[in-house]
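Reading through the structure tokens given below for one structure.
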2 protein chains.
Amino acid sequence: MVTITNKEPLLSHNRKFRMTRQRQVILEEIKKVRTHPTADQLYEMARRRLPHISLGTVYRNLEILSECGMVQKLDLGGAQRRFDGNTKKHYHVHCTRCGRVDDVPIEAVVKIQTTFQGASNYKITGHKLELLGLCPQCKKAKKALTKRPGRRAGRKSNSHP
Amino acid sequence: MVTITNKEPLLSHNRKFRMTRQRQVILEEIKKVRTHPTADQLYEMARRRLPHISLGTVYRNLEILSECGMVQKLDLGGAQRRFDGNTKKHYHVHCTRCGRVDDVPIEAVVKIQTTFQGASNYKITGHKLELLGLCPQCKKAKKALTKRPGRRAGRKSNSHP
DNA sequence: GGGTTATGTAGGAATGGTTACTATTACGAA
DNA sequence: TTCGTAATAGTAACCATTCCTACATAACCC
Ligand SMILES: [Mn+2]
Ligand SMILES: [Mn+2]
Ligand SMILES: [Zn+2]
Ligand SMILES: [Zn+2]
């Protein structure tokens, strides 16, 4: 269980933000899960506690919270952006069958950047690595039935059971 | 200069497509550049030769051409998808300052996947690696003037001079 | 060739995630 | 409390992408 202080204001550069009830709830909800939810998944989660919160508020606060380093904005390929309550740099695995996203508990390999340093005329300063594969569930499903493996993952189908 | 046959039909699985004038022009234009253009950049390029072509036609044909393996669809982070006339698997560098995208002429490192094979309970089957850095132009600009380094790259600002 | 059906085409309309705007409300300092 | 500012809910606008539909063309059979 994660407890977040709601007394001191958030800081971003030299701008300070209030910790409002909505912002607090969004932050608590994203810290609660490991599912890398999308903005509208978080909207649904927050709405269970604040039925009048609006989707725009969720988007705006996720932007602010990531600006303050309290959450991480993920830009994995695909239509919808995802958010991560874990702010440490880490890699992700993306299930190619159901769309689920999980952490890969290995620290960032900076050696990758040095490997590629001379390969182009760019000065390499960072990298983004995303692993692709099959989650445990889909491994089993794939092994069992060799039917057509479920067409492209629907928009809201990557809930973690 | 790249010449593409327009006599034999394109094949995708067991579906065959005609090589229409529009499709031909789009293919020629993307093969002509190394800039990884977006769909509407290609629309502008094609429009210089076919003033009546529509944006939807460009999207549809890029989809078809990538399905046939004649072009590559790139899903780098960011709003707009990019397309690549080079169909071989290769890595890309993304300039964090101007948004330009270039090739990294190093073949795909499959070792990456084996490194991460046991790190999660996923079966790793692929990976996406994107390098970030400063292009030659922006290296110079950064060194010369330490002014504010140009806000986030505008939508149509990454033309290669 | 003539007729018929399947498939592809171009352009415009619709979709959906995201952001921007506006009137109203909540907060915090004086 | 009062005043000034930031945040909110609700809604409209935005824009990349996808879908729809009337029309055209190819393929097929006879
Ligand atoms: Mn994570
Ligand atoms: Mn390329
Ligand atoms: Zn899965
Ligand atoms: Zn640059």
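First the proteins, then the strands, lettered A, B, ... as listed; each starts at 1.
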Quiz item: Under 4.0 Å between a side-chain N/O of A:T57 and OP1 or OP2 of D:dA9, yes or no?
Solution: yes

Margin query: Under a plain distance cut-off of 3.5 Å, with no hydrogens placed, do A:E28 and A:Q24 share a side-chain donor-acceptor pair?
Written below: yes

Exercise for the section: Would you kindly check whether a donor in the side chain of A:R23 faces an acceptor in the base of D:dA7, or vice versa, at under 3.5 angstrom? Expected result: no

Taken to the nearest whole Å, CD1/B:I64 to P/D:dT18 is 13 Å

- request: Describe the nucleic acid contact of A:L55 in one word from base, sugar-phosphate, nothing, applying a heavy-atom distance below 4.0 Å.
  value: base

Within the 3.5 Å criterion, strictly below it, is a donor on B:H36 or B:D103 matched to an acceptor on the partner's side chain? yes

To the nearest angstrom, the CD-P distance between B:Q80 and D:dC14 comes to 17 Å

Residue pair B:K73/B:R18 against DNA chain D: nearer the 5' end by closest nucleotide is B:K73

Quick note, B:T20 side chain, CB onward, closest among C:dG11, C:dT9, C:dG17 is C:dT9

Margin query: Need one value for A:R60: base, sugar-phosphate or nothing, where a base atom within 4.0 Å counts as base even if backbone is also close, heavy atoms only.
Written below: base

Handout entry: Distance test, side-chain N/O of B:N61 to OP1/OP2 of C:dT9, below 4.0 Å
Key = no

To the nearest angstrom, the CG-C1' distance between B:L62 and C:dT9 comes to 15 Å

From CG of B:L74 across to P of D:dA16 the rounded distance in Å is 17 Å

Checklist entry - Within a radius of less than 6.0 Å around NZ of B:K123, do more than 12 heavy atoms belonging to other residues, nucleotides or ligands occur? => result no

Between CG of B:D75 and C1' of D:dA16 the distance, given in whole Å, is 12 Å

inquiry  = Looking at A:Y59, I'd like to know whether one of its side-chain N or O atoms comes within less than 4.0 Å of OP1 or OP2 on C:dT18.
reply    = yes

Taking the six-membered ring for Trp, is the centroid-to-centroid distance between B:H92 and B:H90 below 6.0 Å? yes

Q.
Is A:Q22 close enough to D:dA9 that one of its side-chain N or O atoms is under 4.0 Å from OP1 or OP2 there?
A. yes

Whole-Å distance, B:L42 CG to D:dT17 P, equals 12 Å

A:Y43 atom OH is separated from C:dT19 atom C1', nearest whole Å, by 16 Å

Taken to the nearest whole Å, CZ/A:F83 to P/C:dG17 is 13 Å

Interatomic distance, NZ@A:K128 vs OH@A:Y91, rounded to 0.5 Å, equals 12.5 Å

Check: Can you find a side chain N or O atom of B:R81 that sits less than 4.0 Å from OP1 or OP2 on D:dT18?
Finding: yes

